[in-house]
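Residues take their numbers from the sequence shown, with the count starting at 1. Any value given below was found using the heavy atoms of this structure, including those in side chains, with hydrogens, waters and symmetry copies removed. Keep in mind that what you see is a predicted model, and the values were worked out from it rather than measured. When a ligand or atom number is given, it counts from 1 through the structure's own listing order.
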Amino acid sequence: MKRISKKLLMALVTVGFGLSATGSAWSAESLDDVMKRRGLSQKDVLSAAKTYVPTGKRDEFLAFSSGGQSGQLIVYGVPSMRILKYVAVFTPEPWQGYGFDDESKAVLAQGRVNGKDILFGDTHHPAISETNGVYDGQYLFINDKNNPRLAVVDLSDFETKQIVVNPIMKSEHGGAFVTPNTEYVIEAAQYPAPFANEYVPLSQFNEKYRGAVTYWKFDRKEGRIVPSESFSVELPPYSQDLSDFGKGPSDGWSFTNSFCSERYVGGIEKGRPPFEAGCSQKDTDFFHMVNWRKAAELVKAGKAKKINGHDVIMMDTAVKEGILFLIPEPKSPHGMDVSPDGKLMIVSGKLDSHTYVYSFEKMMALIKAKDFAGKDPYGIPILDLKKSLHTQVQVGLGPLHTQYDSKPCVAYTSIYVDSQVTKWDYCEGKVLDKLSIHYNIGHLMTMEGDSVTPQGKYLVSLNKLAIDRFNPVGPLHPQNHQLIDISGDKMELLYDMPLPLGEPHYAVAIKADKLKPKIRYKSGWNSRTDKRHKFRTRPGKERIERDGNKVRVFMTTIRSHFTPEIIEVNEGDEVTIHVTNLERAEDETHGFAISGTNANLSLEPGKTASATIKADTPGVFPYYCTEFCSALHLEMQGYLLVQPKGYQKTSVKGTEGTIYKKADYDKQFKTNLSTQGVIDTVVGYITARNYQDFKPVVALVEDATEQLGFAANTRKKAEGFAAKKDWHNATLWAGQWWQYQVKAADIGLRAKTYLDQHGAKVIKK
Ligand code: CUK
Ligand code: CUA
């Protein structure tokens, strides 16, 4: 401690008041030298200049990528491609305490299937909430293909708030996509199965297995999906795939494609051809159109059937009411992307080299004239393909998904087999440019590219294979997200980003300035329910309560200690520890982990999180802070002591710690006074400048003032003990007083540095 004290004091003096270096030293190497040394071309350097975001600067867009089998959401900046966060959604993630604190366990428990905890998800399609078809940056929805579930992420804190389980599906894929005002989030089934949770032999596939689309009602004010106001439309047992909602003229409709309309059930082990053969026999599959607005009215009018407690509009009702139609689409299609003006729908056939552009106007005219080409086996009217098409364009082998540019009529389609992106004009029906990617692209993403106002500028190619692009790290390769400049006529490849967390499918990118995430929670906040926590703790109210063998600990945390620091319980007790982080300062997160348990909390400023553990093993269990939060972070610790049943106090005497004398107190007191001198100078420096014009500095000053308040309180305690000549406690409290001073000084110096770097001006006093 003594050594730190001297070092810190010196740092305070030199950093605070030494001459600041102005960085005028000339780099020994020129740009040419570096290019030569690293073998960089002009084009490489230009790409670097287009993507490099200097320290302290921020990205123009934020991308939210699905995390594939990780069950998470990946957030990165564009154009820097710097990863900013993995948001825990369907899978436990210790850094965020997700699945390790009681509050987030409750969210994961909402996603139980048949009463079982599901600790993984296969996330495919994130969707940002929209207002009038424009991304509004408030919420994000993401699906789980394997267990048909949907999650709600609040973009005010990037936390998962809700998981809903689809009541009738056994797997899904075509979600999440939102209506232009986010009244509904769509989820379409993937592999047909019976709606009821029962055994049905495959020989009854055509009769009993079903597909569906579910429309989840979203309550924007509450920020939650309302299952009781959600409904589904029964669909034939075709494997529904991707979906999209109409907008503008097509608002009120949803579109879902499908593969395996052959209704093949496989059976390779019985000598039958595999699924892949049986599911690609026909030349076309079916594009489904559903009038969801009318469907919602039918549900209100009581025309739905309750299945598993959920409203389902059955196919015969849907046909009779004229809300469900089919159109042939290219074989084994993928991608269903409505144009920004809502007039056209683009579908690609994976086994076809064309994209098909459907005209909503033509489709509606056919429906109005009852001009149908026939009916499917379930009586659903089929529109004629040719009569529905606006155009058809040969874009390359294995086209999948389409995204839109800010330039009218310009679209980009991912070409899986050819490993290319094709830029084309969907109004005129002609190819404009092609670019090779590495390798086997799945989805692609342009900035706000599926909203009514695409931003252009960049495209990210979400490649399935990386192969030789990165340093090898074993047979399991990272994914490769390639950044492409689309601002000119020709697409230019800029950057390769390895993504080492599952296989992302779709991603969405939003203008970063639309997001306004919070810095801190209101004090004592349950971030998962968005309410004040029932068991929040105010400073000074920390306590341990016991009710039978249930122990409840009301704990607080602030740099650099927990209160209480010692918890004594008995073997067999159930112990719940509610920790409230009292910090208000930006980025002052504390962690809380207990040895021998799965308890691991992430406590952002203001948050209350809880850990419930069964004290079934007697012994000594240290707990500590898992975030390096301050100079005395390592000292941020405590003990959970579990006394064994029938423990007898022994007569063995022991001792604890060092005993302090008057000389120790005097020495500490002197140190504190000189530290105060340094603090006064820093305070003088800050207050002599227009610091109030700098918001981050105002926050720092508030934080420092708070620390100085703690310092004053502990000083009183120290002096109180000194008056009673209790030199031991006086020295300890003087030490704590100094801790608060150091924290205040540290924050003050951060504020001073900020002022220096941002050109603060001296103001007259
Ligand atoms: S999907 Cu994976 S590349 Cu789930 Cu949208 Cu197309
Ligand atoms: Cu709190 Cu480390």
Discussion item. Can you check the angle at atom 2 (Cu) of ligand 2 formed by SG of C625 and O of E627? Round it to the nearest 10°.
Written reply: 90°

Worksheet item: So H125 and F177, would you call those rings parallel, tilted or perpendicular, with 30° and 60° as cut-offs?
Response: tilted

Worksheet item: Would you call the rings of F61 and Y458 parallel, tilted or perpendicular, where under 30° means parallel and over 60° means perpendicular?
Response: perpendicular

Practice prompt. Considering heavy atoms of the protein only, find what lies nearest to atom 2 (Cu) of ligand 1 and give residue, atom and distance to 0.1 Å.
Written response: H505 ND1, 2.1 Å

Worksheet item: Taking the inter-plane angle between the rings of F535 and H578 on a 0 to 90° scale, is it parallel (under 30°), tilted (30 to 60°) or perpendicular (over 60°)?
Response: parallel

Worksheet item: Is NZ or CZ of K350 both nearer than 6.0 Å to the six-membered ring centre of F259 and within 45° of the ring axis?
Response: yes

Fill in: N, O or S of H124 under 2.8 Å from atom 4 (Cu) of ligand 1
yes

Discussion item. Rounded to the nearest 10°, what angle sits at atom 6 (Cu) of ligand 1 between NE2 of H401 and NE2 of H334?
Written reply: 90°

Discussion item. Distance check below 2.8 Å: does H443 bring an N, O or S atom to atom 6 (Cu) of ligand 1?
Written reply: no

Discussion item. So, taking the atom named CG in L582 and the one named OG1 in T537, what distance separates them when rounded to the nearest 0.5 Å?
Written reply: 8.0 Å

Practice prompt. Hey, can you tell me if Y426 and Y404 have their rings parallel, tilted or perpendicular (30° and 60° cut-offs)?
Written response: perpendicular

Item to complete: Enumerate the atoms of ligand 1 whose separation from the nearest heavy atom of K464 is less than 4.0 angstrom.
Response: 2 (Cu), 3 (S)

Fill in: N, O or S atom of H590 closer to atom 2 (Cu) of ligand 2 than 2.8 Å
no

Discussion item. List ligand 1 atoms under 4.0 Å from H125, heavy atoms only on the residue side.
Written reply: 1 (S), 4 (Cu), 5 (Cu)

Item to complete: Could you list the atoms of ligand 1 found under 4.0 angstrom from a heavy atom of L242?
Response: 5 (Cu)

Worksheet entry | Ring centers of Y184, W216 separated by less than 6.0 Å | no

Discussion item. With a 6.0 Å cut-off on the ring centroids, do Y358 and F287 count as close?
Written reply: yes

Worksheet item: With a cut-off of 2.8 Å, does any N, O or S atom of H173 fall short of it relative to atom 4 (Cu) of ligand 1?
Response: yes

Practice prompt. Taking atom 2 (Cu) of ligand 2 as the reference point, name the nearest N/O/S atom of H633.
Written response: ND1

Response to the item:
The answer for which part of L462 has a heavy atom under 4.0 Å from ligand 1 is neither

